[in-house]
Amino acid sequence: MTRRIDIVEVGPRDGLQNDPAQLSTDQKLEFIERLEEAGIRRMESGAFVSPSAVPKMADSLDVFRRLNRARPTRHIALALNEKGIRRAISAQADEINFVLVAGEGFGHRNQGMSPQDSADMLARCAPLIHEAGLPLSATIAVAFGDPYDGEVSPTLVANLAAQAQRAGASEIALGDTIGVATPWDVRERVERVRLEAPDVYLRMHFHNTRGTGLANVFAAVDAGVDVIDASCGGIGGCPFAPAATGNVATEDVVYMLERAGYETGIDLSVLLQTARWLEGVLGHPISSSLSRAGGFPNAALP
Ligand code: COA
Ligand code: ZN
């Protein structure tokens with residue numbers, strides 16, 4: 001039987017939040033529609049954070065209000081505090097993704113919180129999300145290394161995951177915000193998190209900053225993880241992480257998995273057309289390998 005791997009497209013949020021280009025709300029909506037055309041069924045479509053902290057996400061409420069709800073896509077809203085969660089609920093997000101931090105240095109700069117502050121915030125805010133009847137997932141940012149403090153202990157990551165499980169998160173994403181994970185770290189952290197938070201689904205969020213992105217996807221899938229974050233074109237990064245670069249590119253991940261016999265439900269040709277369109281809208285080259293080489297044996301360059 002073919003194994004299914006679900007891709008969570010994070011281009012409209014993680015991708016655009018750090019790009020030099022400022023897309024209009026109309027362009028963001030077109031990006032989202034094109035991704036849906038390619039078969040994406042779950043995506044981070046915006047962030048309900050302070051507009052002065054992340055100006056590129058300032059129009060997320062408009063983006064959510066104008067989404068085409070006739071489509072089956074689940075639109076995830078990123079939120080980090082009570083105000084963000086309330087705004088995301090009023091925007092009729094289908095899911096809320098909360099951000100926990102596994103490092104002090106990054107945590108204070110990204111959201112003014114220590115790792116334990118972020119877990120406490122989640123515990124305080126989770127009831128709001130449950131009362132609204134929305135699924136709650138939690139991304140543990142800098143789960144493989146902090147740009148300011150260095151190494152992050154797997155014990156802390158597992159402990160945060162356990163607290164997220166207690167708060168009622170149904171899914172936890174391990175975020176390699178600065179692209180320092182290796183495939184062996186991935187296996188170790190997945191095992192540690194499974195021991196401490198056995199009731200949650202696992203999802204992985206890799207940045208390809210140091211070229212280990214696809215190897216890390218392989219390690220995660222090999223360790224039994226079924227949900228992978230990726231961004232079309234490989235755009236993205238965090239404004240609070242120095243030298244941040246993009247997520248693993250959706251087209252590169254889809255190509256690797258489909259060629260290996262996994263099913264993603266995504267049409268690579270349409271996705272590549274979307275990547276090409278995105279490159280034009282952003283006005284600078286995108287970083288995915290597939291956008292340069294095309295697929296094989298099908299989905300050659302559009
Ligand atoms: N949405 C919109 N505005 C918000 C907000 C939210 N979720 N949370 C706080 N604000 C506003 C407050 O209303 C306040 O506005 P004012 O100065 O006009 O009164 C201001 O932001 C400061 O509020 P405060 O509660 O003191 O927050 P803070 O300054 O400690 O910032 C965060 C906390 C989380 C809001 C902020 O650090 C942030 O948005 N970070 C974004 C991180 C991010 O998205 N990183 C990338 C993805 S991981
Ligand atoms: Zn990211």
Side-chain angles (χ1 to χ4, degrees), residues 7-19 43-64 76-91 93 96-103 105-115 117-122 124-125 128-129 137-148 160 173-181 203-210 212-213 216-217 228-250 253 287:
I7 303 292
V8 177
E9 169 64 45
V10 298
R13 198 280 302 170
D14 204 346
L16 295 181
Q17 74 177 5
N18 198 43
D19 197 275
M43 82 174 101
E44 282 188 1
S45 304
F48 292 85
V49 298
S50 157
S52 48
V54 187
K56 303 260 158 86
M57 292 291 110
D59 63 345
S60 287
L61 185 59
D62 285 340
V63 169
F64 270 75
I76 307 173
L78 195 88
L80 294 72
N81 61 9
E82 182 178 337
K83 182 165 182 174
I85 289 166
R86 289 191 187 281
R87 291 177 63 221
I89 292 170
S90 76
I96 304 226
N97 191 59
F98 190 86
V99 180
L100 296 165
V101 284
F106 178 81
H108 285 289
R109 285 167 182 86
N110 188 60
Q111 59 206 67
M113 297 176 203
S114 69
D117 291 339
S118 70
D120 292 343
M121 179 71 86
L122 175 59
R124 249 197 333 276
C125 294
L128 277 176
I129 301 168
S137 57
T139 293
I140 304 181
V142 297
F144 294 85
D146 180 304
Y148 305 99
L160 290 169
L174 301 189
D176 185 18
T177 313
I178 57 168
V180 291
R203 166 175 143 211
M204 303 302 284
H205 178 99
F206 296 120
H207 285 258
N208 195 33
T209 317
R210 292 170 180 80
T212 55
N216 292 335
V217 171
I228 302 288
D229 284 1
S231 82
C232 180
I235 61 168
C238 179
F240 304 96
T245 56
N247 297 83
V248 283
T250 314
V253 173
S287 64

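What you are looking at is a predicted structure, and each value in this text was computed from that prediction instead of being measured. When reading the values below, keep in mind they use all heavy atoms of this one structure, side chains included, and skip hydrogens, waters and symmetry mates. Atoms within each ligand, like the ligands themselves, are counted from 1 in listed order.
For the atom pair CG (D120) and SG (C125), the distance works out to 10.5 Å, reported to the nearest 0.5 Å. In this structure, the separation between CG on D176 and NE2 on H207 is 7.5 Å, given to the nearest 0.5 Å. A distance of 5.0 Å separates CG in L122 from CZ in F98, rounded to the nearest 0.5 Å. Within the model, atoms CD1 of I7 and CZ of R203 stand 11.5 Å from one another, a figure rounded to the nearest 0.5 Å. Interatomic distance, OG1 of T245 versus CG of N208, reported as 7.0 Å (0.5 Å rounding).
Taking N110 as the reference, nothing meets the side-chain hydrogen bond (donor to acceptor under 3.5 Å, both in side chains) condition, with sequence neighbours excluded. Legend: residues meeting side-chain hydrogen bond (donor to acceptor under 3.5 Å, both in side chains) with D62, ordered by chain and number and at least two apart, are absent.
Between L80 and L78, the closest side-chain pair of non-hydrogen atoms falls below 4.5 Å.
Tested against H205, the residues T139, T177, N247 include a single side-chain hydrogen bond (donor to acceptor under 3.5 Å, both in side chains) partner, N247.
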Output, or 'none' if empty, a list of ligand 1-protein atom pairs in which both atoms are N or O and the distance is under 3.5 Å, rounded to 0.1 Å.
unit_1   : atom_1 : unit_2 : atom_2 : d
ligand 1 : 1 (N)  : V49    : O      : 3.3
ligand 1 : 1 (N)  : R87    : NH1    : 2.8
ligand 1 : 7 (N)  : F48    : O      : 3.0
ligand 1 : 7 (N)  : N81    : OD1    : 3.0
ligand 1 : 7 (N)  : G84    : N      : 3.1
ligand 1 : 8 (N)  : N81    : ND2    : 2.8
ligand 1 : 13 (O) : K83    : NZ     : 2.7
ligand 1 : 37 (O) : N110   : O      : 3.3
ligand 1 : 39 (O) : S50    : N      : 2.8
ligand 1 : 40 (N) : N110   : O      : 3.0
ligand 1 : 45 (N) : N110   : OD1    : 2.7

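For the Zn ion (ligand 2), the count of nearby protein N, O or S atoms, meaning those under 2.8 Å away, is 3.
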